[in-house]
Amino acid sequence: MKDRPLNDPGAFWDEKFDGPDYRYGKKPNAFVAEVLPDLVEPEAKVLCVGDGEGRNGVWCARQGYETTSLEPSAVGTSKIKALAAEQGVELEVIQDRMPSDEIDEAAFDVVVLTYVHAPEPMRRQIHSACLRALRSGGVVVLEGFTPDQRRNDRTSGGPPKEELMFTAEILRDDFRGAHLELLSEMTVELAEGDGHRGPADVVRMIARKPAQ
Ligand SMILES: C[S@@+](CC[C@H](N)C(=O)[O-])C[C@H]1O[C@@H](n2cnc3c(N)ncnc32)[C@H](O)[C@@H]1O
């Protein structure tokens, strides 16, 4: 049972997302909303990986970005579609996990990856697939918890085990070959639904895929 999220993230997250509430709220992640408008053109093609209940994907579609939302949970994908309908926007929703055969390589200007935590080797595979999905010059925008989240006994969310989280050094290695325009560990105050609330130890990254 303890390996279920690793083997079947869709079923694991189905349970977490079941119910009317949006676990991380309906507003986008603050870092994503802050940096995307300055990073990309209004017509950019954006892929939100592990989009959960769609807070980032639906916000991206509202900005006018051509948005694809990829999420393994059936419950999550239903809620993404419901949120898009509620807010009157369209986006492509794919129920799958990364790496995904449904995702074209070199197709996207941006990959958004917030709080998608997985153990090795899955973590590296997800990160490599995100880089492959980008066109040359495209960017990955990532936020996630660092192991300090557990060491500091934070109650603002995240997986139970430190090894499921990542440091800036781990990301530097996973995204080697990309130009790291931002890579920073910090403590922030999260206010993202009931799932992420309070002081949190996170890492933020903007990684640009170099020209071939
Ligand atoms: C903590 S939730 C974050 C959801 C969303 N990114 C957000 O910030 O609101 C983690 C998400 O990662 C997704 N996930 C887990 N493994 C994945 C994989 N291999 N590929 C894509 N998504 C995955 C889960 O289904 C879940 O929706």
Side-chain angles (χ1 to χ4, degrees), residues 3-19 21-36 46-61 67-84 91-103 108 110-133 140-146 149-150 154-161 164-166 174 188 190-197 200 202-205:
D3 286 336
R4 200 157 49 96
L6 320 186
N7 300 328
D8 192 352
F12 178 80
W13 286 96
D14 276 348
E15 275 183 31
K16 302 274 184 205
F17 294 150
D18 197 24
D21 292 341
Y22 277 66
R23 190 176 174 90
Y24 308 113
K26 295 182 175 178
K27 296 189 180 138
N29 169 262
F31 175 55
V32 170
E34 179 191 330
V35 301
L36 247 62
V46 178
L47 173 65
C48 295
V49 169
D51 200 26
E53 297 162 302
R55 63 187 177 121
N56 291 326
V58 169
W59 177 84
C60 286
T67 306
T68 300
S69 187
L70 180 130
E71 167 56 41
S73 159
V75 176
T77 53
S78 296
K79 289 173 88 169
I80 295 170
K81 290 173 188 169
L83 188 61
L91 74 169
E92 183 183 24
V93 180
I94 298 172
Q95 188 190 339
D96 201 3
R97 60 206 269 186
M98 282 291 252
S100 167
D101 292 338
E102 304 293 315
I103 296 300
F108 293 91
V110 186
V111 171
V112 170
L113 194 61
T114 61
Y115 297 102
V116 179
H117 293 275
E120 281 200 84
M122 195 185 298
R123 188 202 70 236
R124 280 179 191 274
Q125 291 165 0
I126 294 169
H127 290 169
S128 297
C130 289
L131 269 183
R132 288 198 304 275
V140 177
V141 174
L142 178 152
E143 182 171 293
F145 291 112
T146 68
Q149 180 75 356
R150 290 288 77 88
R154 303 287 194 198
T155 55
S156 53
K161 294 180 181 172
L164 291 171
M165 303 180 180
F166 28 75
D174 285 2
V188 297
L190 291 180
E192 309 187 314
D194 290 336
H196 288 166
R197 184 161 297 277
V202 305
V203 56
R204 290 175 168 174
M205 184 192 76

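Positions are given from 1, in the same order as the sequence printed here. Below, each value reflects all heavy atoms present in this structure, side chains not excepted, and no hydrogens, waters or symmetry copies. Remember, it's 1-based here, ligands and their atoms both numbered in the order they're listed.
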Residue F17 vicinity, atoms of ligand 1 by number, heavy atom under 4.0 Å: 27 (O)

Quick one: does R97 get an N or O within less than 3.5 Å of an N or O on ligand 1? no

Would you say the side-chain atoms of S156 and Q149 include a donor-acceptor pair closer than 3.5 Å? yes

Measuring only between side-chain heavy atoms, which start at C-beta, is F166 closer than 4.5 Å to M205? no

May I ask which of G57, G157, G50, G193 has a heavy atom nearer to atom 11 (C) of ligand 1 than the others do? G50

Hey, does L190 have a side-chain heavy atom less than 4.5 Å from the side chain of R154? no

Measuring from non-hydrogen atoms of F12 to any atom of ligand 1, is the shortest distance under 4.0 Å? no

Ligand 1 versus E53, non-hydrogen atoms closer than 4.0 Å: side chain, backbone, both, neither? neither

State whether the shortest distance between N or O atoms of T114 and N or O atoms of ligand 1 falls below 3.5 angstrom. yes

Taking distance alone, with no angle check, do M98 and ligand 1 share an N/O pair under 3.5 Å? yes

Select one of side chain, backbone, both or neither to describe which atoms of I126 lie under 4.0 Å from any atom of ligand 1, heavy atoms only. side chain

Does the side chain to side chain contact (heavy atoms under 4.5 Å, CB included) test come out yes or no for I94 and I103, once each step is laid out? CA-CA 9 Å; I94 298 172; I103 296 300; 3.9 Å; yes

If you define the side chain from C-beta out and look only at heavy atoms, does anything of L36 sit under 4.5 Å from V112? yes

For the residue pair L142 and H127, establish whether any side-chain heavy-atom pair is separated by less than 4.5 Å. yes

Tell me whether the rings of Y115 and F145 are parallel (<30°), tilted (30 to 60°) or perpendicular (>60°). tilted

Among Y22, Y115, F145, the residue with a heavy atom nearest to atom 1 (C) of ligand 1 is Y115

Considering R55, K26, R23, which one's heavy-atom position lies nearest to atom 7 (C) of ligand 1? R55

Heavy-atom side-chain contact between M98 and V116 under 4.5 Å: no

Are the side chains of E143 and V32 in touch, meaning some heavy atoms are under 4.5 Å apart? no

Atom indices of ligand 1 within 4.0 angstrom of P9 heavy atoms, with elements: 15 (C), 16 (N)

P72 heavy atom under 4.0 Å from ligand 1: yes

Flag E71 as yes when one of its N or O atoms lies below 3.5 Å from any N or O atom of ligand 1, and as no otherwise. yes

